[in-house]
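Residue numbering restarts at 1 for every chain, and letters A, B, ... go by the order of the sequence lines.
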Amino acid sequence: MKLKRTHDCGQLQKKDVGEEVILNGWVDSCRNHGGLIFVDLRDRYGITQCQIDPATTAGGEEFKSETVIAVRGKVAARPEGNVNKNRSTGEIELIAEECELLGPTKTTPFEIVDDLETREDVRLKYRYLDMRRAPLTKAMVFRSEVTRIIREVFHGERFVEVETPLLMKTTPEGARDFVVPSRLQPGKVYALPQSPQLFKQTLMVCGLDRYFQICKCLRDEDLRADRQPEFTQLDMEMSFVEPDDVFAVIEKTLHRLWNELLGRKLPETFPRLTYREAMDRFGIDKPDTRFGLELRDVSEIAAGCGFKVFSGAVEQGGSVRCIVVPGGAELGRKKIDALEAVAKNYGAKGLAWVKINPDGFQGPVGKFLSEDELRAMMAKAGAATGDLMLFGADRNSVVFAALAQVRLALGRELDLIDRSRTDVLWVTDFPLFEYDEEAGQWFAMHHMFTMPSSELPASPDASMAEVHGKLYDLVVNGNEMGSGSVRIHLPEMQRKVFELIGMGEEEADMKFGWFLRALEYGAPPHGGIALGLDRLVMVMLGYDNIRDVIAFPKNASGVCPLTESPSEPLGDTLDVLGLQLNPAFFKKVQAEEE
RNA sequence: GGCCCGGUGGCGCAAUUGGUUAGCGCAUCAGACUGUCGAUCUGAGGGUUGAGGGUUCGAGUCCCUUCCGGGUCGCCA
C-alpha cells in the first residue's frame with residue numbers, strides 16, 4: 001500500500017485542522033453530488049467524513065460501500081452550519097487530495113448498520129461482515145476490557161494465572177463430554193474439559209495458594225440464547241479460605257468492572273440470600289430482585305379448605321403459594337390465560353386465580369373457597385381490593401418453578417423491571433444432594449467436591465436432603481453468573497461423598513484416583529468459584545443473546561462444516577474402550593440403545 | 001426428543017383470510033446534482049414464494065411429508 005494511515009477514523013479534531021494526514025478504512029457511505037463527493041470512512045475507532053473532488057480522483061468503484069480505501073488530504077474545519085453534532089469527528093472533514101483502492105468488495109449480502117434485523121444464520125454465514133457493525137465491534141472491545149481488568153485485579157491480589165490441559169480424562173461435571181480420538185493409543189479418547197475443576201484443586205495441593213485462569217470449557221449440550229457448547233469462564237481457587245474470602249475477591253472484581261466500564265457503583269459487599277429464602281420468596285435460586293411480586297405461602301389456610309386442588313396439594317406434602325399482583329384485577333382474561341400457559345409449561349396443571357373486586361371476589365378460586373378463607377388468604381398474602389391473586393398448588397418443585405416463571409412473565413408484561421438497576425447477590429447454603437426419583441439415587445446438586453456444612457450420614461438415606469454445602473452462586477439481575485464452593489480437602493470425606501451418591505470405590509479410583517491420591521499428601525482447605533465470562537459481558541452490555549458477545553459462536557447448523565471422522569464411528573470406539581465417561585452420558589447411551 | 005414461531009427478489013417485510021401479469025422499503029445498476037450527514041431526484045433490472053406430494057377450475061394462502069433456522073422444555077448451571 002502506498003498510503004499508510006497516520007491517524008485512525010475516530011481521532012481527528014478541530015485542533016488538527018491544517019494537518020496533512022492519511023486515513024485508511026472502509027467506505028461506510030458515499031454521497032455523490034456530482035461536483036462533490038462525501039465519503040464516510042469507517043474503522044473501529046470511528047467515522048471521518050472525507051470530501052472528494054471528482055476531478056482529482058478517478059471516482060467510481062473505490063467509493064462503493066464496504067470498499068477498503070486510503071485517503072490522503074488536509075484536515076479542514078467544516079463550514080458554519082455543516083457540523084455533525086452526532087459524531088465525535090463532526091467538526092472537521094478531510095479534504096482529499098489522493099485516494100487509493102486497498103481492497104475492493106462485492107456487494108454485501110446485508111447492510112452494515114447498527115440496527116440490523118437480518119436473520120441470524122445469514123449474519124453468522126458472513127460473520128466478518130456482521131462483526132463490522134458497531135454493536136458487535138463494541139462487544140469485542142468491551143470484552144477485551146473486561147478480561148484486562150479481571151487480570152489486573154487478580155494479579156493485584158497475588159493470584160497466579162495457570163493454564164490447564166484441554167486433552168484429558170473425563171471431567172466430573174454433569175454434561176456430556178466432547179471427545180477426541182487418541183492417535184497413539186488407538187481406541188482411546190480424550191475428553192475435552194467441562195471445567196478445570198480437578199486441576200485447580202490440585203494446584204492448591206501444589207501450594208500455589210491462589211490460582212486463576214480465563215479458560216474455555218466445553219459441554220456437549222443443546223444451545224440456548226444464553227448458552228454455548230464452548231464457553232469461557234473466569235476460574236479461580238484459593239487456599240485457607242472460607243466463602244467470605246472468595247466473595248471479597250469477586251466483589252472487588254465486579255465493583256471495578258461496573259465502575260470503570262459502565263460508570264456504575266455496585267455495593268462494596270453484595271447482599272446474601274440463602275437458597276431456602278430465595279426459593280420461598282422467588283421460587284427460584286437465581287432471583288431477579290429488581291422487582292417485587294414475591295411468593296406467599298398460604299398452605300396453612302389451603303390445607304383445610306374445600307377446594308380439593310388446594311387441600312390435596314398440601315396433604316401430599318406440597319404447598320399452595322400465591323403471587324399478589326397489585327391492581328391486577330384490571331388484567332384481562334387473555335393475559336391471565338397467557339400466564340397460565342407459562343405455568344403449564346413448567347409443569348403446573350393450571351394457574352388458579354381470583355380478582356378482588358370492590359363488589360366481591362371473581363374468578364375460579366372464588367367459587368371454591370369460602371369468603372372467610374379468601375379473606376384469610378388476603379391477609380396472609382397482603383392483598384387488597386383491586387388486586388389479583390395467582391395460585392400454584394402442587395409439589396413444591398412444581399409450585400416454585402411455575403410461580404417463579406409466572407412472576408418473571410409478570411415483571412416483563414407489566415414493565416416492572418427497573419433496567420437502570422444492577423442487582424447482584426449471593427445465594428448460599430444450597431442443599432448438597434438431590435434425589436433423582438427416576439434413577440432412585442442421590443446426586444450431587446452442584447458437584448461432588450463440595451464441603452458439607454453438617455455431618456454426612458453413614459449410608460444413603462432421606463436425611464441427605466437436609467445436608468447443606470458450603471456452596472454459593474453469584475446472581476446478577478436474575479442471571480446465574482457463577483457458582484462455587486469450599487471444597488472437600490480430606491480424602492476420607494471425599495470417598496464418603498462418592499459412596500453416598502452411589503459411586504463404587506473402583507469407579508471412583510478409575511475416574512479420580514490421581515486426584516484422591518493428591519488429597520492424601522497434605523491438601524490445604526480451599527475453595528473457589530467460576531464465573532461465566534460470556535454471560536457476564538452479555539449482562540453488562542444489556543444484550544440478550546450470548547452469540548453477540550462471542551467472536552465466532554456456534555449455531556445449530558454450524559458455520560464451518562465438520563470434518564469427516566477419520567476412523568470408525570466413535571460409538572464403536574467407546575465400546576472397545578469400555579471407557580467410563582460420566583454417568584449422564586452413559587445413561588443417555590443406554591437409553592438410546594434400548 | 002416434545003412444544004411454539006418462522007422460511008416469499010441480496011436484506012427486511014406485504015399480499016383484503018383460495019381469485020386475474022406476487023407488491024413495498026432498503027440494497028444493486030444507469031442518469032442528474034458543489035454541502036451532504038444511513039443525501040435527494042429520475043429511471044431500470046431482479047423473485048414463481050425452502051423442498052416434495054395432495055385438494056381445487058384456481059394455492060404464497062388449505063392438507064400431508066420433509067428440510068432448515070430461532071426460542072423453549074427436557075438436558076445443561
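Counting distance only, with no hydrogens placed and no angle test, the side-chain atoms of Arg224(A) and the base atoms of G74(B) include a donor-acceptor pair under 3.5 Å. Within 3.5 Å, no donor on the side chain of Gln51(A) pairs with an acceptor on the base of U34(B), nor the reverse. For Arg219(A) against C76(B), a side-chain-to-base donor-acceptor contact under 3.5 Å is absent.
If you take atom P in G60(B) and the same atom in C75(B), they sit 43 Å apart, rounded to whole Å. Comparing G9(B) with U55(B), their P atoms sit 27 Å apart, to the nearest whole Å. Straight-line distance between the C1' atoms of U8(B) and G25(B): roughly 15 Å, to the nearest whole Å. Taking atom C1' on both nucleotides, G46(B) is separated from C26(B) by 14 Å, rounded to a whole Å. As rounded to the nearest Å, C11(B) and C67(B) have C1' atoms that lie 22 Å from one another. C64(B) and G69(B): their P atoms are spaced 22 Å apart (whole Å). Between the C1' atoms of G45(B) and G54(B), the separation comes to 36 Å (whole Å). Remark: the separation of the C1' atoms in U20(B) and C29(B) is 32 Å, to the nearest Å.
Across all strands shown, C3(B) forms a Watson-Crick or G-U wobble pair, both distances under 3.5 Å, with G71(B). Checking G43(B) for Watson-Crick or G-U wobble geometry (two distances, each under 3.5 Å) identifies C29(B) as its partner. The pairing partner recorded for U17(B) is none, the criterion being a Watson-Crick or G-U wobble arrangement whose two distances lie under 3.5 angstrom.
Arg143(A) and Thr232(A) share a side-chain donor-acceptor pair at under 3.5 Å. Residues Tyr211(A) and Asp235(A) have side chains that bring a donor and an acceptor to within less than 3.5 angstrom of each other. A side-chain donor-acceptor contact under 3.5 Å links Thr107(A) and Lys64(A).
Checking G74(B), U28(B), U36(B) against every side-chain atom of Thr107(A), the shortest atom distance belongs to U28(B).
Ion pairing between a basic and an acidic side chain is recognised when a charged N comes within 4.0 Å of a carboxylate O; Arg412(A) and Asp415(A) show no such pairing.
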Problem set entry | Steps toward salt bridge (Lys or Arg N to Asp or Glu O under 4.0 Å) verdict (Arg547(A), Glu120(A)) | CA-CA 10 Å; Arg547(A) 293 182 288 271; Glu120(A) 217 186 338; 2.6 Å; yes
Exercise. After noting the C-alpha distance and the side-chain angles of Glu230(A) and Lys216(A), does the key distance pass the salt bridge (Lys or Arg N to Asp or Glu O under 4.0 Å) rule?
Worked result: CA-CA 7 Å; Glu230(A) 176 180 350; Lys216(A) 278 291 178 68; 2.9 Å; yes
Exercise. Going through the checks in order, is the side-chain hydrogen bond (donor to acceptor under 3.5 Å, both in side chains) test met by Asn345(A) and Gln405(A)?
Worked result: CA-CA 9 Å; Asn345(A) 194 28; Gln405(A) 297 302 326; over 6 Å; no
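Within the nucleic acid shown, Asn345(A) comes within 4.0 Å of sugar-phosphate atoms alone, with no base atom in reach, counting heavy atoms only. Residue-level contact check: Arg227(A) touches the bases, meaning some heavy atom is under 4.0 Å from a base atom. Within the 4.0 angstrom heavy-atom criterion, no nucleotide atom of any strand lies near Met481(A). Residue-level contact check: Arg42(A) touches neither bases nor backbone, having no heavy atom under 4.0 Å from any strand.
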Exercise. When every nucleotide of nucleotides 38-47 of chain B is labelled 5' to 3' by its protein contacts under 4.0 Å (heavy atoms), B for base, S for sugar-phosphate only, - for none, what sequence of letters results?
Worked result: BB--------
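A heavy atom lying under 4.0 Å from RNA chain B marks the following residues of residues 72-80 of chain A, by number: Arg78(A), Pro79(A).
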